[in-house]
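Notes follow the structure.
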Amino acid sequence: MNFTEGLNEAQIQAVTANAGPVLILAGAGSGKTKTLTHRIAYLIGNKNIWPNQILAVTFTNKAAKEMRERLAGLLNQANTRGFMPWMGTFHGICVRLLRQDGHAIGIAANFVIYDEDDRQGLIKQAMKSVGITDSNIKPKSVSGMISTAKNEMIGPDEFAQTATYPFQQSVAKIYHEYERMRREAGALDFDDLLLETVRLFREVDDVRRKWQRQFVHILIDEYQDTNAAQYAIVKQLVGPERNICVVGDDWQSIYSWRGADFKNILNFERDFPGALVVKLEQNYRSTGAILEAAHNVITKNVQRTDKKLWTAEGAGSPVQVHELYDEAEEARLVASRISSQVAIGARQPDDYAVLYRTNAQSYIMERALLQARVPYQIVGGVRFYDRKEIKDIIAYLRLIYQPNDRMSFSRIANVPGRGVGSTSLERFMIWQSRTGMDIIEALVRVQEADGLTPRAKNSLGKLGEILDGFRVLDREPSQIIEELLERIGYLNYLRDGTPQAEDREENVSSLVSDAKTFAALPEFLEEVALMTSADEAKGQPSVTLMTLHAAKGLEYPVVFMVGLEEGIFPHSRIHDAGPSELEEERRLCYVGMTRAREELHISYAASRLQFGQRGYNPPSRFIADMGNAVAAVEQQSDQYMDDFPEAVAYDINDRVRSAQFGTGTIVDIDGLAVTVLFDSGQSKKLNVEYARLERA
DNA sequence: CGGTTGCACTTTTTT
DNA sequence: AGTGCAACCG
């Protein structure tokens, strides 16, 4: 079979490279994923490598999914788990390895995965447990420090040895207790997934050799963003044949704050001597003007390799820079441009992406797009699986799966409310840990406990009966959830009369339908835990809103980068850090710019509301860095302001008509919310942005 | 025990 | 401006 059709020379070289180490230095838009996919197809189709002998590591689950689909197409095969290579993120692969072989180092197969919320919750408990009440020590920063330590593979004991300041010594104590409690709960946090895999390979030679033999070929995408633990896993997995192929671009390394080290890619030739190095420098994505502007920005960095991307296509239109009065005007500019282009049929909503530095900036964009009636979706921010109602259900499921998971239990012990307050909960927990029973067992036998009120005993006992009934996991996840909802009366609990109740119910039912695609509970829980914000499915064609980080690996015909102001981007938090942090911000800018195919719009606002206060930031230095490839665009304020008359142009006593409620009189105005006393007698508080009111 | 109120804090970026 | 939580009250 021919897997080199439609590829350029460098790509063909990378695809057909023989055994041994291969380093692919792939610039933005140079067909990196395509090359990687074709190489895998080539190995399977032409080199008689079995799919399951191939390990392909991607940066997100979404990237893995896309690669699977493309591979299935190339090989004309059904996209089934049985046929496909091992594909996934480092975290996902590690979960599979640890479920199978973790017992060799004392990890139960039914471990649960703690996310950032769980970790901070457990840190709070650990702080209480070791008696640290200092309000200067915040769980969030402790979490960050533990994560940094783990990514550098520093355990609690080693951490304690190097702790000199009292603050560090306190963190060391917390770290130690956190680890103890985490083990007791049968849980691993995100960092543990990597760390414990390293330990597994290090301590159990047989297991390491088994997987080394299994993975005849290892391919790793986004290699510039690997951290120390991931690097260690790679080194341990690569066998004597050294069939390792890595792809990456040091210019696009944007995760050093998470322990990633782009020196891993720069040192690849040292680590694997004799490696074939292939450079992909032809860009197939962006216009010449966009590439030039991006190049001008990135070359201001000192720490970087040298390369020059080129395109066979024309220059296209220049990058447009827009100066606006404030953040609301900036958002309206974006919304009005999109809606007018969509209105004349020139573009579809999903041709557009709006990129910003921080999640907080999404809010104002949302409002403007809502007002302009442009459909949009947010990637990241509050993930679906981070919603309260979803986390509640997941906590129940986790507790059923791992009955030692105290974090999950304390979350749901009184949800829905069953008269078990913090005092009862604490007493129960103390008694439970003394007896040595797991939580569900202890709940069932709670009548034997001392120091609990009869009322608490009865509620906890009832909860125990329900949970105990699910112990045998012989049903499909969706059935388990549906029955659980029924037995704990969760939907009734959600129906609290607030306007959000309906959304929450809807979320719960989408959770049930999500669960339908899984045959067993463990797989479902794993998916939920490792789900990236970028992985969430999208519905109708819509504008994508996301952070610059989340945009990595994606491309759009038109990209708006908003908030290019000093203090926002580059972010103020990096100024006291150092030059290397500024260089990372600049790489982030490069990543954002190179997402654009045809049009790139950069905007900044002279004034912006931050922390509820108005601030005035000068334009980002990155704009000056872009040089001559950009054109400043004069804004005629009234030109687009006309499209968006002031939202609240109403007064008290104005008569309005609503399609839903009929005519009425405005009796109160609170920001964008108007209270209308309708002629029917009912009064409603409506948001003028959503409710289509018209004057009567 | 559960609800409400007021205060403090927030904004990097995420597996 | 919005949120989470701690301290209060019923």
Side-chain angles (χ1 to χ4, degrees), chain A residues 57-64 88-95 113-117 119-121 124 135 138-140 143-144 147 150-151 188-195 222 225-227 229-230 253-260 327-328 355-364 367 379-383 385-386 388 413-425 453 455-456 459 496 526 529-535 546-552 563 567-577 581 584-585 587-589 591-592 608-615 671-672:
Chain A
V57 182
T58 57
F59 197 71
T60 61
N61 296 308
K62 189 183 168 198
T89 61
F90 271 107
H91 292 82
I93 302 285
C94 287
V95 170
I113 301 165
Y114 276 6
D115 66 14
E116 185 56 33
D117 269 12
R119 174 196 259 165
Q120 281 180 33
K124 266 182 220 164
S135 62
K138 294 182 195 98
K140 197 173 174 181
S143 169
S147 181
K150 286 189 172 184
N151 282 325
L188 300 183
D189 64 32
F190 281 145
D191 301 316
D192 292 325
L193 297 176
L194 306 174
L195 207 60
E222 308 281 9
D225 280 320
T226 48
N227 65 25
Q230 291 165 339
S253 163
I254 55 174
Y255 282 95
S256 74
W257 48 273
R258 197 169 97 180
E327 77 282 354
L355 310 181
Y356 35 78
R357 179 63 178 83
T358 67
N359 280 308
Q361 290 167 257
S362 72
Y363 178 74
I364 189 78
R367 271 180 49 159
V379 175
V382 180
R383 283 153 60 224
Y385 287 108
D386 284 341
K388 280 182 208 73
N414 201 31
V415 175
R418 47 176 74 88
V420 183
S422 57
T423 319
S424 303
L425 183 60
T453 61
R455 183 177 154 199
S459 320
D496 59 357
E526 192 176 302
L530 296 179
M531 182 94 166
T532 320
S533 53
D535 297 333
M546 64 190 145
T547 63
L548 288 152
H549 281 88
K552 174 163 143 165
I568 304 286
F569 189 36
H571 198 272
S572 54
R573 287 287 283 259
I574 64 117
H575 280 134
D576 33 290
E581 278 77 7
E584 178 146 318
E585 292 283 298
R587 289 195 293 271
L588 190 56
C589 185
V591 167
R608 180 177 297 272
L609 211 54
Q610 290 167 278
F611 301 107
Q613 283 205 315
R614 193 146 287 285
L672 290 170

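Keep in mind it's a predicted model, so treat the numbers as computed, not measured. Protein chains get the first letters and strands the later ones, always in sequence-line order, with residue 1 at the start of each.
- Contact of the A:F569 side chain with the A:Q361 side chain is not registered, since no non-hydrogen atoms from C-beta on lie closer than 4.5 Å.
- Of the listed nucleotides (B:dT14, B:dT10, B:dC1), B:dT10 has the atom at the smallest distance from the side chain of A:K138.
- A:R614 places a side-chain heavy atom less than 4.5 Å from the side chain of A:E327.
- Using a 4.0 Å heavy-atom distance criterion, A:K150 is classed as making no nucleic acid contact.
- For A:K140, whose side chain is taken as the heavy atoms from C-beta onward, the closest listed nucleotide among B:dT13, B:dG2, B:dT11 is B:dT11.
- Residue contacts shown for A:N414 are limited to sugar-phosphate atoms, with no base heavy atom under 4.0 Å away.
- The stacking criteria are not both satisfied for A:Y255 over the base of B:dT13, which would need a centre-to-centre distance under 5.5 angstrom and an angle between ring planes under 30 degrees.
- Here B:dT13 presents its P atom at 10 Å from OH of A:Y356, a figure rounded to the nearest Å.
- Stacking between A:F611 and B:dC9 is absent: the ring centroid is not both under 5.5 Å from the six-membered base ring centre and under 30° in plane angle.
- Listed nucleotides C:dC5, B:dT14, B:dT11 differ in distance to A:A550; the shortest reach to its side chain belongs to B:dT14.
- Between A:Q361 atom CD and B:dT13 atom P the separation is 9 Å, expressed in whole Å.
- When the nearest nucleotides of DNA chain B are assigned to A:S422 and A:R119 by heavy-atom distance, the more 5′-ward of the two goes with A:S422.
- Residue A:F569 is classed as having no contact, given no heavy-atom separation below 4.0 Å to the nucleic acid.
- Atom CD1 of A:I364 is separated from atom P of B:dT11 by 18 Å (rounded to the nearest Å).
- Atom CD of A:E327 and atom P of C:dG2 are 12 Å apart (whole Å).
- Residues A:N227 and A:L194 are in side-chain contact: their nearest non-hydrogen atoms beyond the backbone lie under 4.5 Å apart.
- Using a 4.5 Å heavy-atom cutoff, the side chains of A:Q230 and A:H91 are in contact.
- Taking atom C1' in both C:dA6 and B:dT11, the straight-line distance is 23 Å, to the nearest Å.
- If you check every strand for non-hydrogen atoms under 4.0 Å, A:G421 touches sugar and phosphate atoms only.
- Residues A:Y255 and A:H549 form a side-chain contact, since some pair of their non-hydrogen atoms from C-beta on lies under 4.5 Å apart.
- Nucleotide C:dA1 holds its P atom 16 Å from the CZ atom of A:R608, rounded to whole Å.
- Regarding A:K388, its NZ atom lies at a distance of 13 Å from the C1' atom of C:dC5, rounded to whole Å.
- With rounding to whole Å, A:Q613 atom CD is found 14 Å from B:dT10 atom P.
- A:V95 is listed as a side-chain neighbour of A:L193, based on a closest heavy-atom distance under 4.5 Å.
- Nearer to the 5' terminus of DNA chain B, by closest-nucleotide assignment, is the contact made by A:A456 (compared with the other of A:T358 and A:A456).
- Taking only side-chain nitrogens and oxygens, A:N359 never comes nearer than 4.0 Å to OP1 or OP2 of B:dT10.
- Of the listed nucleotides (B:dC1, C:dC5, C:dA1), C:dA1 has the atom at the smallest distance from the side chain of A:L609.
- Listed nucleotides B:dT14, C:dG2, B:dC1 differ in distance to A:Y363; the shortest reach to its side chain belongs to C:dG2.
- Side-chain N/O atoms of A:S572 include none lying less than 4.0 angstrom from OP1 or OP2 on B:dT11.
- Protein atom CG of A:L355 is 12 Å distant from nucleotide atom P of B:dT14, rounded to whole Å.
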